[in-house]
Each structure stands twice: as C-alpha cells, then as structure tokens.
There are 2 protein chains.
Amino acid sequence: MANIKDVARQAGVSISTVSRVINDSKSVSSPLRVKVEKAIDDLNYSTNSIARGLKSSQTNNIAVILTSVSRTFFSGVLEGINKEADQEKYSVFISETHDSIEREIKLVRSCASQWVDGIILASSAYGNDMKTRKYIESLSSLEKKDSWIPVVTLEYPCGNPGVDAVVVDHKKSAFRAVDYLIREVGRKNIIHISLPFEHYMGQQRIAGYREALEKNGLIYTEDQVLEGDYTSYCGYTLTKDLVRSGQPFDAVFCANDQMAVGVLQALGELGIQVPEQVAVMGNDDIFAASIVKPSLTSIHVPRFEMGAAAMKHMLELIREGEPSAKRKIITLDTEIVERESTKRGLKNSLQYLDW
Amino acid sequence: MANIKDVARQAGVSISTVSRVINDSKSVSSPLRVKVEKAIDDLNYSTNSIARGLKSSQTNNIAVILTSVSRTFFSGVLEGINKEADQEKYSVFISETHDSIEREIKLVRSCASQWVDGIILASSAYGNDMKTRKYIESLSSLEKKDSWIPVVTLEYPCGNPGVDAVVVDHKKSAFRAVDYLIREVGRKNIIHISLPFEHYMGQQRIAGYREALEKNGLIYTEDQVLEGDYTSYCGYTLTKDLVRSGQPFDAVFCANDQMAVGVLQALGELGIQVPEQVAVMGNDDIFAASIVKPSLTSIHVPRFEMGAAAMKHMLELIREGEPSAKRKIITLDTEIVERESTKRGLKNSLQYLDW
DNA sequence: TTGAAAGCGGTACCAG
DNA sequence: CTGGTACCGCTTTCAA
C-alpha cells in the first residue's frame, strides 16, 4: 500500500502538503490540491490511521470488550453502541474475553496502548479476589495517567472507586419480578435460580428476591435459592433435581433467560403445566424468550439504550479530554414483559420477528 | 502510561537494552536484565503493540469483519476462529458492517492500514455491480502490493479472481434439502423462499432447488420461488400471502432459518398442521431451529469448523509471508438435521442447551 | 502557501 | 554484551 511519501513523490510536492490536503486544511493552493488528489487516487492511497494515532492520539476507533457476542444480550447493546458511533464516524471493534480475566486484562492493555480512543467494557471481574481488585484499580488509573484512555463499563458498576458505568438496578428488577409473581400471579412458593453466588449481579438479584418475599410476608430460606451458572443446561438439571427432591414450589424466578429456557424444557418433559402448576420467569428478555413455547415472561433490559448511553457518555469523555472529577454512573430502568409462562392465553407478540 | 524511554531512564540503561529484555533476547547480562525488569514492574509498563507493528509489521491482531454479530450464524464461526487464534496468541477483533458496502470498505481499509496482521471477512458484496467488483479487486490487490495483508473470506467465494475463502457448497446443500423433502418426506409441491435474487448464495440455492426438482421429475416454475430478505418477518408475511392466494403447496424450503421461523409462526396462526399439511425446512441450523415448536429441520453448516479453518488458513498465509501463487478455496460439507417440522415424533435434542 | 525537520514508541542494524 | 542511530508513516511546529 502506498504511503504518504509515495503520494508526495508522485505529486511532486512535500509531505507536509499532502498531509494538509488529507486533513483538508484550507491553506493549499488549488493546483497543488488537485495534483495531490490525483496522486492519492492513482495510488489508491489511504492514510494509516495508526501511524496517525501514534502522533495525534486520535484513531476514531472504539473498542468494546465483552464476554461473548453469542450472549444475545449484547446484540442489542452493540446496536445502540453502533448507532451513536456511526453518527460520529467512529469505528467500533469488538473483542471477546470468554470470561477469562487474563484475556480481559490483555485485551484492555492492548487496546489502551494507542490504537483506540476509548474502551467500553463488559467486565467479567465479578469477583472480589485480589487479582480482580488490582485489575480494576489499574482500570481507573488508566483514567489518571498522562496518556489517558476513557473507560465505560456496562451492566454493573465495576470496582470501587472504579470507572464510569451504565447499569440497571438489578436488585430493584429482581424485587419487582418476585413481587409480580406474588401479587399478580398469586404464587407463594418461589424458587430462585441465581447466578454464581460470588457474582455481583447475582448477589443483587438475590437481595431483591429476598426483599420481595419479606415485604409480602413470606419467609426467605436459603434452600429456595439454587446456584446457577448462566447456562440453560443448568436450569434444566436443577429443575429435574428439584422435582425429584419433592420440594414443593409453584414458581421459578431465574436470574437469566437461558436458565429459564432450561427450566421450561425440564418442566415440559416432566409433564408439569406452565403456568398453571409452575410459573416461570426469566431475566433479560432475550429474543429466545418470545420464541419458546410457552413464551417466557421476563424482565426487559433496555439493551439498545444501554449501548447508546455508554457510547454517548464515551464520546463526552473523549471530548472533555481529561479524567472527569467524579465517577458517573448512569442507571436505566427495566420493565416486566408478561408472556405465557406466567399467564395463560397471552397472545405472543411478533416482536421477535424483527431479527 | 510509561513508555520504553521512561523504563530506560529509570533503569539507567539504553533503550536498546530495554528492547532486548522485552523481546527476551539472550544477549543481556543478568544484572542489567534484573534492573530493567524491576523498572518495567515499577512503572507498570506494557509495550505499545502498535508502535511496534509500525516498524516490524507484526501486531498479533486479526480483524474479523462481518455483517452483524447478532446473525447467530456467526457465533459458532467466531468460536472456531477464537480457538485457533488463542493457540497462537493472536487477539481477534470483530467489527460489523450491517450490510453496508461503504462501511465494509472503510473497515477493511482501516484494518489493512497497519494494525492487524490479517482480515477474515464475511463480505456483503453479494452483488455484481461495478462498485462491488472494483472493491473486490482492491481486496485481491491487498495481497499483491508490497505491504501485503492476507484476507480470507467466509461463506462464499467472493469475486473473481478474488481472495482465498472457506465456504460450503450452497447449491449442493439446497439440492440435498429439496431431494430429501421429495424422497424422504414425500412432498411434490415445494415452495422455496429464497434470499434476495441478486445475492450469490441465493442464486446457488435456487439452482440447487431447481436441480432437485428436475432430477426427481418435477417441474420448476418461477412462481414457486419467493424472494425473501433474510428476516423472519418476511417469512411470516410471504406465507400469509401465499395461503391467501390459494396456491397449493405441501412444503416450504427456506434459504435461512430466520425466515423458516416466520413461516412456522404464520402456519401456526392459520391452523395449518406442520409437518402433516406442510413440511418446513430451514437452512443454517442456528440454535433457534431447535428451540421453536415444532422444532425446525434444517441444514447444518459446520460453523465452528468454518471459523477454525479460516483462522488456520490465515495463520498459514501469515507464516508464508507473501501472496500465495494461486487462490485457495476450502469447501466444507453440510448435513441435514431432521426435526419435527418435517417428521412427526422426533425427540428434540438438548443440543440447544449448550449456549 | 509551502517545505524542512523533529518527534510519537518502538525495532534493528552497526560499531565498539 | 551494550549503546547510538536511522527509520516505520504521519502530524506539527517553525521558517522561508
């Protein structure tokens, strides 16, 4: 590929002039400008944005680091991110950590080292161990050193003091879900299949679950909370075990939709009626929720808005050009989407058809 | 963030020495090496892989450019890519074109300009217009200029002469699908909902569809082929229109699963029995195929293998370090996955549970 | 309006 | 084994 030197030679002008044309400064005479433009065309030249970034620290690239793009939750988030990015001519590059902290660190480092203007991060540092803490601190210090790169995290506030974030109130969401199961659906014996216990989001949801029970005069007991691992396979096996154990229950609230799908599958195989005998509720409202039969009541997380808000905030941070005085956390609202798994006879919406 | 100069100063050695330690060349004395390592640690230094790439043209980054990560088809592909990349310590960055050729071109350019070692591309240049042709030629010329960047495309051979690719035989797949509907399921009146007509893959599938009909003594007529647009919404409306028109049919073969899901939805609403009255078949075998009721017979594309093969080939190209003499096209095999939408009483596999 | 030259963060060659 | 220095492709003073 041709470089700026080649263009300069071809056009018979200095490199500086070419540079001026590229960045369309006004101070280039018409004839020269035309010559340069022709040379650029002839050589099919395009400027090396990295070399540029090396000097000017502006690459117009944003990195989005997340656990896995196959977590459909992120599809919507990415749409929101892209929408905002497009408007500002930023390019978005996604990379996956697959829940490996090591990889996450490596990726953040790699991106921070010069080829992106900012990082939007769905961290898998849910834990509280030292390594994680140290890592998160290094994140916030990314914000303070000379060559500063803004970081915005998604889904939950990450670390303390930590970096800016766009989140939903997981505790409140869980509270409303369980409150709904109790008051609207009339259930009293609600199992919660949670996320791994040490995960921040899991803890928040358990807290919401507990609060809803207690506010409604029901008793919270630990054996009603089953530890899940995000996969629908675990929803499936936990349910089979639960039924086998004979423990009575009339509803299951899952901390995500994947697990809820597993629950539905298991109940179906066991001939247990949903929602008559057992109501099932998920969390996240991924499109699978409206595709399964019975369709799954869930908590809708405004994914698109989350992505858009994150990107918007990112652009502000970039514009400001320096670490902000205090941490900003943007909290979005969730809402319950009622479907057949908690209420018979609801007509399935065609929402999922707009893949 | 500290740079190599800071480290050198801190350790009281030359930049060259620091560089040697970083790239662990043997020729550094123990005491110096220790000093440098301490300095690196103290300053929390990490090397700027871009600046490095500027000189050495090795960034260990691979770009994957595809239409949209929410096309679940790509999830599996990405897993395959990641698996191979990990083994070789490459980092993978994904970017989405959302079917915009302009964006695709921009992204390819941006990546080619130095910050990746190779590009895996699921192009949306399905068309035959001039702009597209020119673009594809520029792709293959990426391979020929001095600073050469290997490109491997996915899904279908792109352009002519074009670049290396990992593909499946779309015509053969479609042939086998329709042949199956005729001979195994006993259908004679098969509608095909295709991709947009000008798309290469759509044309291939129509050709396969036609060949299967004709080889089995059935007549191919154009009004049995409906032009789709990838979305399940179109599968839905086309089916409703079709039924309303009164045209008789006993099977629908869709060029992708999304559209087939729309077809199922429409038939369900109209009270038409699947598969008794109408058999439905998709293409791609995305996980939604096993989640819907009735579950969807489809053509399984070895996504994981496709990604892995693409990455493997990419690594070879990088290793060779120069444009290969002739174009290489790797073709993978597909297979039919039978489910309830063509055969009653099949037990649904739990395959989808391993999200 | 134009060009020369320094420097961004590294690597690699050459001399000592 | 070590340090000096040119250079990667581009931007940005500074002079002319």
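Residue numbers begin at 1 in each chain, while the letters A, B, ... track the order of the sequences. Everything numeric here is computed off the predicted structure, so don't read it as measured data.
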So which heavy atom on B:Glu84 is nearest to which on B:Leu315, and how close? O-CD1, 4.2 Å
For a quick test of reading the model, state the closest non-hydrogen atom pair linking B:Ser124 to B:Ser100 and the distance between them. OG-N, 4.2 Å
Round to the nearest Å and state the distance from B:Asn48 atom CG to C:dG9 atom C1'. 6 Å
Return the set of residues passing ring pair (Phe, Tyr, Trp, His ring centres under 6.0 Å) with B:Tyr200 (not counting sequence neighbours), or none when no residue passes. B:Tyr156
Considering non-hydrogen atoms only, spot the tightest contact between B:Gly118 and B:Ile149 and give its length. CA-CG2, 3.9 Å
Difference in axis direction between the ends of the helix from C:dT1-D:dA16 to C:dG16-D:dC1, five pairs, 10°: 50°
Check whether any side-chain nitrogen or oxygen of B:Ser14 sits under 4.0 Å from OP1 or OP2 of D:dT2, and answer yes or no. no
Rounded to the nearest Å, what distance is computed from the CG atom of residue B:Leu43 to the C1' atom of nucleotide C:dG10? 16 Å
Could you run down the sub-3.5 Å N/O contacts of the protein with nucleotides 11-15 of chain C?
{"unit_1": "C:dT11", "atom_1": "OP1", "unit_2": "B:Arg52", "atom_2": "NE", "d": "2.5"}
{"unit_1": "C:dT11", "atom_1": "OP1", "unit_2": "B:Arg52", "atom_2": "NH2", "d": "2.9"}
{"unit_1": "C:dT11", "atom_1": "OP2", "unit_2": "B:Ser19", "atom_2": "OG", "d": "3.0"}

Show the nearest heavy-atom pair for residues B:Val69 and B:Glu96, with the distance to one decimal. N-OE2, 2.8 Å
Looking at B:Arg103 and A:Asp86, what are the two nearest heavy atoms and their distance? NH1-OD2, 2.6 Å
For A:Tyr135 and A:Glu104, test the side chains for any donor-to-acceptor distance below 3.5 angstrom and give the result as yes or no. yes
Is any NZ, NE, NH1 or NH2 atom of the basic residue among A:Glu320 and A:Lys328 found under 4.0 Å from an Asp or Glu carboxylate oxygen of the other? no
For B:Glu37, which residues count as a salt bridge (Lys or Arg N to Asp or Glu O under 4.0 Å) partner, sequence neighbours excluded? B:Arg33
Roughly, in whole Å, what's the span from NZ in A:Lys5 to P in D:dA6? 14 Å
Send over the distance from A:Lys26 NZ to C:dT2 C1', rounded to a whole Å. 18 Å
A:Arg9 and A:Asp6 ion-paired at < 4.0 Å: yes
Taking only heavy atoms on the protein side, list every residue of residues 27-36 of chain B lying under 4.0 Å from any atom of DNA chain C, sorted numerically. none
Tell me every residue that passes side-chain hydrogen bond (donor to acceptor under 3.5 Å, both in side chains) with B:Tyr90, counting only those two or more places apart in sequence or in another chain. none
